[in-house]
Amino acid sequence: MTFASPLIHGKLIKRYKRFLADIQLDDGSIVVAHCTNSGSMKSCLETNAEVYLSKSNNLNRKTKFTWEMIKINDKWVGINTLNPNIIAAQAISNKEIPGLDMYDKVTREVRFGESRLDILAENSFEKCAIEVKNVTLKEGRFALFPDAKTERGLKHLKTLMQLKQNGKRAVMLYIIQRIDVEIFAPAHEIDPEYAQTLIEAEKNGVEIFPVQVIVTPEKIEILKKINYQLCTLNTSIS
């Protein structure tokens, strides 16, 4: 995914009301940026850290800027939760993700029953339902999801299980927007119900694809698929 226009550099002053952030630009001016991430953003918030913003040309928008990324420990972390769906759709269409590189048609935002999943990928012999989640939470070498309790995410897992039972391929695709982690895992302590349901989903045939991307001010690119661990982190760390 390439950014349509050059991003604007600044430093984070503070994030507040979940969806807003005060940013000081390089010229000293302070602007309010929209933060698409409704979670806690734990492990990717640091006062005075470098950030990049995109600017909207939509005259009806109250906030002209969108917060795209933040530099943590000298590495960029993508925090715009709208980007992973774009990244995933483009990567699947371009056959950049091993295991999801056999589809000729990619449709976004497809309704299945009472849920709307992010992607339906198709070829001549199968249909694959894919839900995409943004991952930014880091604990040691682990990338964790979610960073706040998610009823919506739980609903999506249950939909994927039902679709698998009905004969479709079902994939949970986690786009990890940071490169300072090695293994994906569910955040048991933050949302134990989601973590347990993810374990159940895998047992019932839902495939788990944690995909790491490289975030830069110019573009976001697929790096690699990484391993995952579904048991609690304490089991492996002790």
Side-chain angles (χ1 to χ4, degrees), residues 1-4 77-78 80-137 142-146 150 152-179 181-186 194-195 197-216 218-231:
M1 187 199 91
T2 302
F3 291 103
V77 178
N80 187 338
T81 55
L82 302 180
N83 288 338
N85 285 7
I86 300 171
I87 296 164
Q90 289 181 355
I92 295 168
S93 294
N94 295 333
K95 305 184 187 327
E96 296 176 328
I97 301 175
L100 295 175
D101 53 358
M102 69 287 289
Y103 297 108
D104 307 312
K105 180 181 179 183
V106 175
T107 307
R108 293 181 58 188
E109 298 292 328
V110 179
R111 181 166 291 281
F112 295 98
E114 296 182 358
S115 290
R116 186 185 297 273
L117 297 184
D118 293 315
I119 294 172
L120 176 64
E122 302 175 76
N123 56 28
S124 59
F125 59 88
E126 74 175 6
K127 294 183 178 181
C128 178
I130 304 169
E131 177 61 18
V132 182
K133 297 298 182 189
N134 180 63
V135 182
T136 58
L137 178 58
F142 288 89
L144 304 179
F145 182 88
T150 172
R152 187 166 178 265
L154 190 65
K155 180 181 178 182
H156 289 149
L157 284 180
K158 292 177 179 178
T159 299
L160 288 173
M161 281 191 280
Q162 184 63 52
L163 290 170
K164 178 61 181 177
Q165 187 177 3
N166 292 341
K168 288 186 176 63
R169 187 184 181 193
V171 170
M172 187 63 250
L173 175 57
Y174 296 96
I175 299 294
I176 302 166
Q177 290 203 76
R178 58 190 309 158
I179 60 171
V181 290
E182 301 172 13
I183 303 173
F184 170 79
Y194 182 90
T197 304
L198 183 59
I199 293 171
E200 181 184 351
E202 188 204 34
K203 288 179 179 178
N204 283 275
V206 175
E207 299 171 58
I208 300 172
F209 275 67
V211 174
Q212 200 169 38
V213 299
I214 300 175
V215 179
T216 71
E218 293 76 36
K219 57 188 175 181
I220 303 176
E221 295 181 292
I222 299 293
L223 177 59
K224 62 185 177 181
K225 183 181 176 185
I226 66 172
N227 294 329
Y228 64 88
Q229 174 182 306
L230 299 187
C231 60

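Just the heavy atoms: all of them, side chains too, but no hydrogens, waters or symmetry mates, feed the values below.
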Evaluate the criterion side chain to side chain contact (heavy atoms under 4.5 Å, CB included) for residue pair Ile86 and Ile220; output intermediate values, then yes/no. CA-CA 10 Å; Ile86 300 171; Ile220 303 176; over 6 Å; no
May I have the step-by-step check of side chain to side chain contact (heavy atoms under 4.5 Å, CB included) for Thr216 and Glu221, ending in yes or no? CA-CA 9 Å; Thr216 71; Glu221 295 181 292; over 6 Å; no
Leu100 vs Val211, test: side chain to side chain contact (heavy atoms under 4.5 Å, CB included). Steps then yes/no. CA-CA 11 Å; Leu100 295 175; Val211 174; over 6 Å; no
Run the side chain to side chain contact (heavy atoms under 4.5 Å, CB included) test on Thr107 and Lys105 for me, step by step, so that the C-alpha distance in whole Å, both residues' side-chain angles and the decisive distance to 0.1 Å come before the verdict. CA-CA 7 Å; Thr107 307; Lys105 180 181 179 183; 3.7 Å; yes
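Annotation: side chain of Thr197 is in contact with side chain of Met161 (closest heavy-atom distance under 4.5 Å). Ile222 places a side-chain heavy atom less than 4.5 Å from the side chain of Val213. Here the side chains of Asn85 and Glu109 are in contact, with some heavy-atom distance below 4.5 Å. Contact check for Ile226 versus Glu182: no side-chain heavy atoms found under the 4.5 Å cut-off. Here the side chains of Val106 and Gln90 are not in contact, with every heavy-atom distance at 4.5 Å or above. Two residues are said to be in side-chain contact when any heavy atoms from C-beta on lie closer than 4.5 Å; Asn83 and Phe3 meet this criterion. For the pair Gln165/Asn204, no side-chain contact is recorded, criterion being any heavy-atom separation below 4.5 Å from C-beta on.
Between Tyr174 and Phe145, the two ring planes are tilted [angle within 30° to 60°].
Here CG of Asp118 is found 10.0 Å from CD1 of Ile175. Values are rounded to the nearest 0.5 Å. Here the NZ atom belonging to Lys225 is positioned 11.0 Å from the CD1 atom belonging to Ile176, to the nearest 0.5 angstrom. Rounding to the nearest 0.5 Å gives a distance of 11.0 Å between NZ of Lys164 and CG of Asn166. In this structure, CD1 in Ile130 is found 3.5 Å from CD1 in Ile92, a value given to the nearest 0.5 Å. Here the CG atom belonging to Leu163 is positioned 11.0 Å from the NZ atom belonging to Lys127, to the nearest 0.5 angstrom. With rounding to the nearest 0.5 Å, the separation of NZ in Lys133 from CZ in Phe184 is 11.0 Å.
With hydrogens and angles left out, the side-chain atoms of Gln177 and Asn134 include a donor and acceptor closer than 3.5 Å.
At least one donor-acceptor pair under 3.5 Å links the side chain of Lys95 to the backbone N or O of Tyr103. With hydrogens and angles disregarded, a donor-acceptor distance shorter than 3.5 Å links the side chain of Asn80 to the backbone of Leu82. Not a single donor-acceptor pair under 3.5 Å links the side chain of Glu202 to the backbone N or O of Glu207. Checking side-chain atoms of Gln212 against main-chain N and O of Val181 turns up a donor-acceptor pair under 3.5 Å. One N or O on the side chain of Arg178 and one on the backbone of Thr136 form a donor-acceptor pair closer than 3.5 Å.
Across all non-hydrogen atoms, the minimal contact from Pro146 to Tyr194 is CD-CD2, 3.8 Å.
In Arg111, the CZ atom is crowded: over 12 heavy atoms of neighbouring residues, nucleotides or ligands sit closer than 6.0 Å.
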